[in-house]
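Accompanying notes for the structure given below.
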Amino acid sequence: MFTFIKIAWRNIIRNKKRSAITLSAVGFGLGALIFIRAFVDGAHQQMIENYTSLVSGQIQIHARGFHQKEQLEIYITEPEKISSSLKENPYIQSFTYRIKAAGLVSSPEHSAGVYILGIDPRHEKKVSTIYKKVKEGTFLTESSDKGIILGIRLAENLNVGLDEKIVIMSQALDGSIAAGAFHVKGLFDTGTEEIDKGVVIITHKAAEELFVMHDKTSEIAIRLKNVEDAQKVSTLIRQKLNSSELEILPWQEVSTVLEQWIEFDNGFIYLIVIVVMIVVAIGILNTVLMGVLERTREFGILLALGTKRKQILAMVAWESLFLGVIGSLFGSLLGILLTLQLGKTGINLSMFSSALTSFYMDPYIYPVSKTDHIIISIALVLVTSILVSIYPAWHAANLKPVEAIRSI
Amino acid sequence: MSLIKINNLYKTYSSGKNIMTEALGGVNLSIEKGDFTAIAGPSGSGKSTLLNLIGALDSPTRGSIFYENIDITKIPLNKLALFRLEEIGYVFQAYNLINTLTAIENVEYVMLLQGISNQIRRKKSIEILKRVGLEPYIHRFPNEMSGGQQQRVAVARAIVAEPKVVMADEPTANLDSKTAENLLDLMKELNEEKGITFVFSTHDQMIMSKARKLILLKDGKIAT
Ligand SMILES: Nc1ncnc2c1ncn2[C@@H]1O[C@H](COP(=O)(O)OP(=O)(O)OP(=O)(O)O)[C@@H](O)[C@H]1O
Ligand SMILES: [Mg+2]
């Protein structure tokens with residue numbers, strides 16, 4: 001066996017230029033694959049993080065049907081019960097209550113349909129990052145029961161500024177008209193149009209008053225220690241609470257659009273994988289096949305001397321595998337180093353950022369290398385290099401010695 | 001019993017639809033153990049064809065080739081490789097060697113296929129390379145040796161595993177006459193020293209004159 005491996009290896013060494021070209025093709029291919037995968041993983045992680053931390057939370061608990069209908073009447077009756085169970089869950093970092101309702105806000109000049117969010121300022125800060133997005137004025141505090149914050153775009157549309165008064169109108173739980181006047185305490189700028197144009201935030205207490213919803217809430221939003229646990233923890237909570245009255249939704253179900261977007265991206269990755277594999281396959285096939293064809297006479301002699309066909313097969317397969325292995329070494333080194341370096345500095349996409357923020361992306365993307373994704377990429381390249389050797393190996397092994405020796 | 005006995009051997013090549021070439025038309029001959037036989041004849045007379053058939057590299061259209069009492073035309077193709085490995089040594093016209101193996105590795109190759117141990121392989125290869133006068137070149141690759149030296153390595157490789165017979169199809173065709181004569185002298189010495197049977201083809205008068213038996217081919221038949 002060793003001699004066949006030796007012959008395979010020396011054939012690679014002998015054709016330095018050709019092998020070098022193949023190795024670069026394999027290396028760059030794999031490097032690109034690892035890097036693109038890491039880039040997309042990084043972008044996804046960021047999208048999920050940004051999306052879930054901005055407002056939604058990573059898991060939401062509602063009364064059953066709320067997510068679909070978003071009606072005030074579908075509320076959680078005994079939030080305290082759920083709360084005590086969530087406190088014991090080791091995966092959960094924090095959670096908060098929210099009242100959610102649709103309504104109308106009016107300034108002296110204009111009015112707009114909005115989404116009204118009643119939040120608990122102290123807990124909200126531990127679940128979402130909306131407080132960081134307040135660009136003018138301040139975030140709500142426990143005591144700002146008559147305070148309201150709203151998106152900077154909405155403020156423009158309504159033509160109101162800090163400390164000015166706006167009026168909320170909606171329908172309360174008991175069917176009565178809910179109306180209240182609030183002082184603008186802060187303006188937020190999230191970069192996400194639908195939020196900046198369409199959301200106003202008041203305190204949970206104020207919302208309870210306004211909508212006549214004492215000791216009730218619409219939503220419990222949860223932040224996890226690790227966002228990747230969302231599905232698993234949702235199941236755990238479901239089992240623990242064991243209530244058909246509730247819906248427990250991981251972010252994937254809260255934002256099916258985001259989930260679909262990520263799925264679509266992953267599908268796109270497969271396309272890239274296929275393209276790269278074709279490049280790798282052609283690169284190796286070219287080298288190995290040329291090597292085999294120009295050694296026809298040599299294979300003839302090997303066969304004449306009594307070499308078995310499977311030994312010839314092995315010889316050619318080894319050649320291909322060597323190219324695959326060395327190429328993979330270069331490629332994974334290239335891919336991982338690139339990922340680590342750019343993972344530190346980030347990739348500046350600010351020239352596209354106006355388009356990106358609506359997808360919950362930052363102008364900087366930090367690629368993250370996931371071991372399983374790297375291993376899959378390397379394995380794919382190695383498998384390809386073996387598969388690709390089948391044809392040249394078969395060709396060499398099935399030469400007729402006499403004819404092969406006649407050909408120079 | 002003859003070492004090799006050939007009866008009524010025919011080989012017809014078909015190239016294209018209706019083009020048939022009868023390369024051998026009923027050859028009978030026998031080769032005895034220890035022979036040093038030349039097959040001579042003009043170009044196209046069928047020398048290579050005959051040697052390939054005797055060497056179990058190709059199968060005849062008709063006829064039989066007995067090695068002692070085994071008819072090799074009856075051996076299935078997949079077992080023929082093993083027969084060649086165990087019984088026959090080969091020297092081809094030129095570029096006989098595996099380019100990626102050194103002289104000694106080339107000589108060892110056949111024994112390696114036979115599963116002979118590393119140590120014995122080494123010992124025998126060095127011995128035989130010394131014998132053919134290539135001691136200083138044992139670690140050279142083929143492209144670092146002259147044509148004559150390469151053919152000597154090929155002869156060394158052909159005889160090292162002590163086959164029943166060595167087939168050499170125009171082993172001197174690519175050599176100048178002095179080198180050719182030296183190679184033939186070497187083969188003859190090995191034939192005498194070790195009793196190895198040689199069958200070689202040539203159309204060179206000088207080479208023919210070195211043979212102890214001469215078979216003349218003309219148009220695929222033995223000329224008398
Ligand atoms: N593979 C083949 N297909 C068709 N015809 C062939 C083939 N090999 C040989 N022939 C023909 O068979 C005849 C004998 O050829 P062969 O090669 O045995 O001659 P040779 O005596 O070895 O000639 P040379 O001295 O030129 O090597 C020739 O007419 C040749 O054209
Ligand atoms: Mg010939």
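On a predicted model such as this, the values are computed, not experimentally measured, just so you know. Below, chains carry the letters A, B, ... as their sequence lines are ordered, and counting in each starts from 1.
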**Asked** Does atom CZ of A/Phe268 have more than 12 heavy-atom neighbours, drawn from other residues, nucleotides or ligands, at distances under 6.0 Å?
**Response** no

**Request:** Look up atom CG in B/Leu112 and atom CZ in A/Phe4, then write down how far apart they are to the nearest 0.5 Å.
**Result:** 6.0 Å

**Selection from B/Asn99, B/Leu77, B/Leu97 maximising heavy-atom pairs under 4.5 Å formed with chain A** = B/Asn99

**Prompt:** Does some side-chain heavy atom of A/Arg406 sit less than 4.5 Å from a side-chain heavy atom of B/Ser48?
**Reply:** no

**Spacing of CG belonging to B/Leu57 relative to CD1 belonging to A/Ile405, to within rounding of 0.5 Å** = 6.0 Å

**Prompt:** With a 4.5 angstrom heavy-atom cut-off, which part of B/Asn52 approaches chain A: side chain, backbone, both or neither?
**Reply:** side chain

**Fill in**
Counting heavy-atom pairs under 4.5 angstrom with chain A, the leader among B/Asn78, B/Leu82, B/Asn96 is B/Asn96

**Message:** For a 4.5 angstrom cut-off between non-hydrogen side-chain atoms, does B/Arg157 reach A/Leu305?
**Reply:** yes

**Prompt:** Would you find more than 12 non-hydrogen atoms of other residues, nucleotides or ligands less than 6.0 Å from B/Lys5 atom NZ?
**Reply:** yes

**Rounded distance [0.5 Å steps], CG in B/Asn118 versus CZ in A/Phe2** = 10.0 Å

**Request:** Taking atom OH of A/Tyr364 as the centre, report whether more than 12 heavy atoms of other residues, nucleotides or ligands fall under 6.0 Å from it.
**Result:** no

**Asked** With a 4.5 angstrom heavy-atom cut-off, which part of B/Glu105 approaches chain A: side chain, backbone, both or neither?
**Response** side chain

**Message:** Tell me whether A/Phe35 at atom CZ has more than 12 heavy atoms from other residues, nucleotides or ligands lying less than 6.0 Å away.
**Reply:** yes

**Prompt:** Does a side-chain heavy-atom distance below 4.5 Å link B/Tyr109 with A/Thr307?
**Reply:** yes

**Request:** Without swapping roles, check the side chain of A/Arg14 against the backbone of B/Thr100 for a donor-acceptor pair under 3.5 Å.
**Result:** no

**Asked** Does some side-chain heavy atom of A/Lys6 sit less than 4.5 Å from a side-chain heavy atom of B/Leu101?
**Response** yes

**Item:** For the student: nearest non-hydrogen atoms of A/Ala304 and B/Tyr90, plus distance
**Value:** O-CE1, 3.4 Å

**Request:** Return yes when atom NE2 of B/His203 has more than 12 non-hydrogen atoms of other residues, nucleotides or ligands closer than 6.0 Å, and no otherwise.
**Result:** no

**Request:** Would you mind reporting whether A/Glu298 and B/Tyr95 have side-chain heavy atoms less than 4.5 Å apart?
**Result:** no

**Asked** Under a 4.5 Å heavy-atom cutoff, which of B/Gln93, B/Gln114, B/Arg84 has the most pairs with chain A?
**Response** B/Arg84

**Prompt:** Is it true that atom CD of B/Gln119 has more than 12 heavy atoms of other residues, nucleotides or ligands lying nearer than 6.0 Å?
**Reply:** no

**Asked** Under a 4.5 Å heavy-atom cut-off, does chain B meet the side chain of A/Gln311, its backbone, both or neither?
**Response** side chain

**Asked** Can you tell me if CZ on B/Phe83 sees more than 12 non-hydrogen neighbours from other groups inside 6.0 Å?
**Response** yes

